[in-house]
Amino acid sequence: MDKYDIVIGLEIHAQLRTESKMFCTCDNYSVGAGPNKNTCPICLGMPGMLPVPNKKAIEWTYLLGMALGAKVAEKFCFERKNYFYPDLPKAYQITSSTMPPIIGGSVEIDDNDVLKKIRINHVHLEEDAGKLIHPKIGEYSLVDLNRAGTPLLEIVTEPDLRSPREARIFVQDLRSILRYLGISDANMEQGNLRCDANISLKPQGQKELGTKVEVKNMNSFKMIERALEHEVKRQEEILSENKKIVQETRGWDDAKGKTLGQRSKEEANDYRYFPEPDIPSIEPNKDNSIDLKEIKNWLPELPKEKRIRFETEYSLSKQDADNLTSDLDLARYFEQTLAEIPQVAGNDEIKKQKAKKLANWLITELLAKLNGQGISILDCKIKHQNFAVLIEKIDSGKISGKIAKEIFSEMFVSGRGVEEIIKEKGLSLISDEKEIETIIRAVISENTASVQDYKSGKEKAFGYLVGQVMAKTKGQANPQIVNKLLKEFLDKE
Amino acid sequence: MKEISIQQVEDLAKLARLGLTEQEKTSIAKEMTEILNYAQSLNEVNTENVQPTNQVTGLDNVFRIDQKIDSDIPIESRLGNTPSVEDNFIKVKKVLD
Ligand SMILES: [Zn+2]
């Protein structure tokens, strides 16, 4: 089969988590709200209403622009995109793609240590549409307009992505940026972050782009990669048979594992854009209407900066730093827990040592549990201080790794403190030499045969005797002390 | 002179959800051609260095602070002029997803 270059561009929609909607004062948070509860004459599209833009949504648009290193346009204008669909009560969507607020910018993605700059064409601000529900029975659909009018950012990339994997990494990175900025929940499964892709293939080395296909309905990072991989294969097959790609919109069907051609909403696709006469244009620099300097101050440490800091400040591997910083709340949990470990303050070496241990516990144990049960780190019951105590107890040999895991599981479920669990379950590691000596004496007198074996050079017998001591203490004796004392006793015998 | 074709009228009618008779299509094509040609006279004006007009209000930067205020109109009234409602959903003819 011929070799093809893959060319992908993305259009990503992110809902802004403002308190009120884009053009009216309705509550913008509708999770659990009854149908059409958060609506008003403006977002219901009643005639004669005056939409007034939400200042915060505009400021956040500029904030994202700054995070992407983009240019803030001197002026941007809202406009009407006209089409008929039951989820769009005005029969037009107020958007701003013709004169967008944000121009250019980029995100640098990291694909297995290969860094690549993905350019952004522009970002524009618009309003979301309502939700349609299609009952299985009955010849009708139901409309809920709670979501209609939610502020929505559309981020449009240049066709710089060269593989489905790069596309997935880009969306993940963008999600992190949106979350770090605190402007969007950016959850694909919940639909606050949505992604459409334009994808085309061209013979390797050829300059002109091939015919592109738009792929929709990719509702998770996994789906982005799977859907685009499937689409690459599909287009490769068509091209290698010397057939032509049809320019169309295809929807990803996750159950079937393939993209299917969609009937277009508008057969004669023409949105007849025109300037929104009800909303004056936005010119941030004019009369300091929008304080761009202040917005710049809002810029937090961004995911990549945090990752690099974690690598240097805590000597973490890139992989660990990446795992911890991919989620801002996890990164915060890590740093707050680390700060609770007493010796960490003022000693860089100890800080790095403890950081590594804590990172391991968070990534392998905690994340496994959180992901397995679909719980957010914010709902994690283990308090920072308790996690710090657990790490300390493991480090100082007061509990074994096995017991630590048992305590950890209990903490995860109940959120109780380490000492409390140790006491209740009798889990404390016995480090008291006197106590261990008593047990060793008992074991030696009960196992004279094994003691003889050891004396005659059978190393295996030593392991057996250690096992007997551990059994008598239900695994709670400090193994290092048991080893040391047992050797001393046997050599004395 | 630019002629608006019957096909263009049909496309527009479809987008605007208008049902037109054959006779209406012919007369609208003729009227629209005339209107557009009349508007063509604007092309005679020199618009070099003139910003496109987005607004005629003379205003700019009109915002509202981000604060939620629930509508004081009860939901029954808000949905009062929808032809069909089911459990506070607006009921419409089946749309294909
Ligand atoms: Zn509203």
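Below, chain A is the first sequence line, B the second, and so on; all start at residue 1. All heavy atoms count here, side chains included; hydrogens, waters and symmetry mates do not.
Using a 4.5 Å cut-off between heavy atoms, Asp72(B) does not touch chain A at all. Heavy-atom distances place the backbone of Thr53(B), and not its side chain, under 4.5 Å from chain A. Looking at Glu59(A), there are no atoms closer than 4.5 Å to chain B (heavy atoms on both sides), in backbone or side chain. Contact of Phe23(A) with chain B is made through the backbone alone, with heavy-atom distances under 4.5 Å. Proximity to chain B (any heavy atom under 4.5 Å) is restricted, for Cys26(A), to the backbone atoms N, CA, C and O. For Ile279(A), the part lying near chain B is the backbone, with the side chain staying farther off; criterion is any non-hydrogen pair under 4.5 Å. Contact of Pro277(A) with chain B is made through the backbone alone, with heavy-atom distances under 4.5 Å. Only the side chain of Ile73(B) comes within contact range of chain A, with at least one heavy atom under 4.5 Å from a heavy atom of that chain. The contact between Leu44(A) and chain B is made entirely by side chain atoms (from C-beta outward), counting heavy-atom distances below 4.5 Å. For Ile75(B), the part lying under 4.5 angstrom from a heavy atom of chain A is the side chain only.
Residues Lys286(A) and Asp60(B) are paired through a salt bridge, judged by an N-O separation under 4.0 Å between the basic side chain and the carboxylate.
Here the CG atom belonging to Asp70(B) is positioned 6.5 Å from the CG atom belonging to Asn38(A), to the nearest 0.5 angstrom.
No donor-acceptor pair under 3.5 Å is formed between the side chain of Glu19(A) and the backbone N or O of Gln67(B).
Among Cys40(A), Gly34(A), Pro53(A), the residue making the largest number of heavy-atom pairs under 4.5 Å with chain B is Pro53(A).
In terms of heavy-atom proximity, Gln55(B) sits nearest to Glu276(A) at NE2-O, 3.1 Å. Nearest heavy-atom pair, Ser141(A) versus Lys94(B), reported as atom, atom and distance to 0.1 Å: OG-CA, 3.4 Å. Of all heavy-atom pairs spanning Ser71(B) and Thr39(A), the tightest one is CB-O, 3.5 Å. Of all heavy-atom pairs between Pro86(A) and Val95(B), the closest is CG-CG2, 3.9 Å. The heavy-atom pair separating Thr18(A) from Asp66(B) by the smallest distance is CB-OD2, 3.4 Å. Smallest separation of non-hydrogen atoms from Arg64(B) and Met22(A): NH2-O, 3.5 Å.
Contact check for Leu142(A) versus Ile90(B): no side-chain heavy atoms found under the 4.5 Å cut-off. When side chains are defined from C-beta on, Asn61(B) counts as touching Glu283(A), because their heavy atoms get closer than 4.5 Å.
The only option from Leu79(B), Asn88(B), Val85(B) that meets the side-chain contact (heavy atoms from CB on, under 4.5 Å) definition with Pro35(A) turns out to be Asn88(B).
A cation-pi arrangement is present between Lys91(B) and Tyr140(A), with the terminal nitrogen or guanidinium carbon under 6.0 Å from the aromatic centre and inside a 45° cone about the axis.
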